[in-house]
Amino acid sequence: MTSATDNGLSAASVNASAEEARAVAEAARETEWNRPSFAKGLYLGSFDLSLIHPWPETKAEDVERGEEFMAKLEAFCRTMSGRVIERDAKIPDEYLTGLAELGVFGMKIPREYGGLELSLVYYGRALALVGSVHPSLGALISAHQSIGVPEPVKVFGTDEQKREYLPRCAAGAITAFLLTEPDVGSDPARMGATAVLSDDGGSYVVDGVKLWTTNGVIAELVVVMARVPEHTDADGTTHKGGISAFVVEMDSPGITVENRNAFMGLRGIENGVTRFHQVRVPAANRLGREGQGLKIALTTLNTGRLSIPGLCVAAGKWSLKIAREWSNARTQWGRPVGQHEAVSKKIAFIAATTFALEAVFELSAEMADAGARDIRIEAALAKLWSTELSCRIADELVQIRGGRGFETADSLEARGERAVAAEQLLRDLRINRIFEGSSEIMKLLIAREAVDAHLAAAGDLASLDASLQDKAKAAVGASGFYARWLPKLVAGAGMDPRSYSDFGRLGKQLRFVERSSRRLARQTFYGMGRWQAKLEHKQAFLGRIVDIGAELFAMAACCSRAENLLHTRPEHAAAAFELAEAYCEQARVRVDEYFDQLWRNTDDADRDLSRKVLAGDYAWLEAGILDQSEGTGPWIADASPGPSAKESLHRKYR
């Protein structure tokens, strides 16, 4: 057996320091901004509405092909039962076969490789439709197509790799993306899986354990992230190695699916634990260069993250439909429950937010399709904001339904009532705040981009290790940047009551967004000035900064969407303006609260309290209960490399 230290991987790599983890993350981050970004401008006090309005439009050819496919997909979706998936905790093989025959697994793959090459807009709409049958279907397709083999091969693969893998994927070869490990989540610097180059350079030998491998139980192909140790060629050339990406056949000797994981929601998801022991992978299967793996993963996620907002749109639409129908059917105290203010406010929130969910997704997807904008921040914001707001929608729906909201669909049907799976929706949506980057990690990623200009200007001022002399020099350089930038934040179009008048009643909302964008930039500057290098540790402050930008982005998307519908769907224009205005008014309350909490909060006290909790100072408060989890196993499973002692649970569906 080859150990981590035997194959040249140092212990420091697995037990990385904070500095090493930061270096790995920075090396993978895309730093160039070659195209304009609306969201980046929001955080810098530059509200450029022209970047999102007029609303970008899908090409006529893409619309025609997209609509034709959606009609076929809807017809097939009506033959599937989400209740069956929920009951059996498994997607029937015939469903997978039918989806493959429709071309669902090749929706984003170019037509020259047998795919449908749908636009991101129609890809998201298809996910929403399929996800409304059962969210596990959406997770399956998204994991395959947004982050599985097709996307990284399409973007980073060689011509040979594209010809080899893309037609298979389009035809229904389900794929997965394997990054997470039992003790490695959002900190890949600690990755334990290794890929050691053979002496002849023809292959790599992969060892390690991967956790939460969505689709891994039934996948034919997977993208595996593993660390290549530093190595030297026969001619003396040294290669640094690093985290690299490989396409691996799941029937390769040495691969064992050791467990099919079960969760509180997404009961049909094929998610497992996969062990690699001395798995030989041809060198030709490496994607990109050695050490480029994380950059490939992050680039893939730039647009891949838009799949989850698409699924959130479906959740909002279904919740709105159920809330409307139920609140008209249920009577309390002489009136339908929807007419009582306590319930009507929840309905208004669901309706306005569903409009915003669709606006944010479709705008982000349209911009991604057009390719003229850098949408990495927009996509990240869409994922973060959509998952948080859709969970609130599901929670409000359960509350509106009362006891029936807590009751399962099967139980409701068994006693003669409509089988409304509100509790299932709440369970299924919860993972989205963790999938593809938890909300906390997303806020840090977005905040890093939001304060990038400040960090660049501050230089050594933003470094904990810099000397006083270096900081003094940096202060001089920073003063020039801020002397040019700060005056631009004093006044803007948002102060002129005539601005954005072509948006009618929504003009005042856009003026608020413009003013708030400048205010947000000023507050970020104040934070930078106050904490300098310590700003990165003020995660609660940065989180609120990100949340404000997310709401402003959603508001702007709603206004642009309503104005677009005025010209494209005039029969819905009046209602669209009402919904956009309602969302903006609700969001303004939240934005004001976030601004207030930037400087009036309990962050310092909470941090001190948390330290004492972790130190055991309040362990006495835990007395009087029994912890049924004690003795069931370690907090983190052993992921030492080696052969598996379990029978593989990997199965084929075709």
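Keep in mind that this is a model prediction, so the values were computed, not measured.
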**Asked** Does Arg324 reach the side chain of Lys321, with side-chain heavy atoms less than 4.5 Å apart?
**Response** yes
How about [X]: does its [atom1] atom have over 12 heavy atoms from other parts shown lying under 6.0 Å from it?
X      : atom1 : value
Trp212 : CH2   : no
Phe406 : CZ    : no
Glu325 : CD    : yes
Gln332 : CD    : yes

**Request:** Go through the steps to decide whether Glu341 and Lys345 satisfy the test salt bridge (Lys or Arg N to Asp or Glu O under 4.0 Å), and finish with yes or no.
**Result:** CA-CA 6 Å; Glu341 186 177 56; Lys345 282 189 66 65; over 6 Å; no
**Request:** Would you check, one step at a time, whether the test salt bridge (Lys or Arg N to Asp or Glu O under 4.0 Å) holds for Lys538 with Asp604?
**Result:** CA-CA 10 Å; Lys538 305 299 291 184; Asp604 292 340; 3.2 Å; yes
Donor-acceptor side-chain pairing of [X] and [Y] below 3.5 angstrom:
X      : Y      : value
Glu388 : Ser439 : yes
Ser344 : Gln339 : no
Asn601 : Gln597 : no

**Asked** How are the rings of His53 and Phe503 set relative to one another: parallel (under 30°), tilted (30 to 60°) or perpendicular (over 60°)?
**Response** tilted
**Message:** Does the plane of the ring in Tyr526 sit parallel, tilted or perpendicular to the ring in Trp599? Use 30° and 60° as the thresholds.
**Reply:** tilted
**Request:** Begin with the C-alpha distance, continue with both residues' side-chain angles, and end with the deciding distance and a verdict on salt bridge (Lys or Arg N to Asp or Glu O under 4.0 Å) for Glu358 and Lys317.
**Result:** CA-CA 9 Å; Glu358 188 167 48; Lys317 287 176 176 287; 3.1 Å; yes
For the atom pair [atom1] ([X]) and [atom2] ([Y]), what is the distance rounded to the nearest 0.5 Å?
X      : Y      : atom1 : atom2 : value
Cys312 : Trp385 : SG    : CH2   : 9.0 Å
Leu542 : Glu440 : CG    : CD    : 13.5 Å
Leu429 : Leu266 : CG    : CG    : 8.5 Å

**Message:** Check Glu536 with Arg448, please: is the shortest side-chain N to carboxylate O separation under 4.0 Å?
**Reply:** no
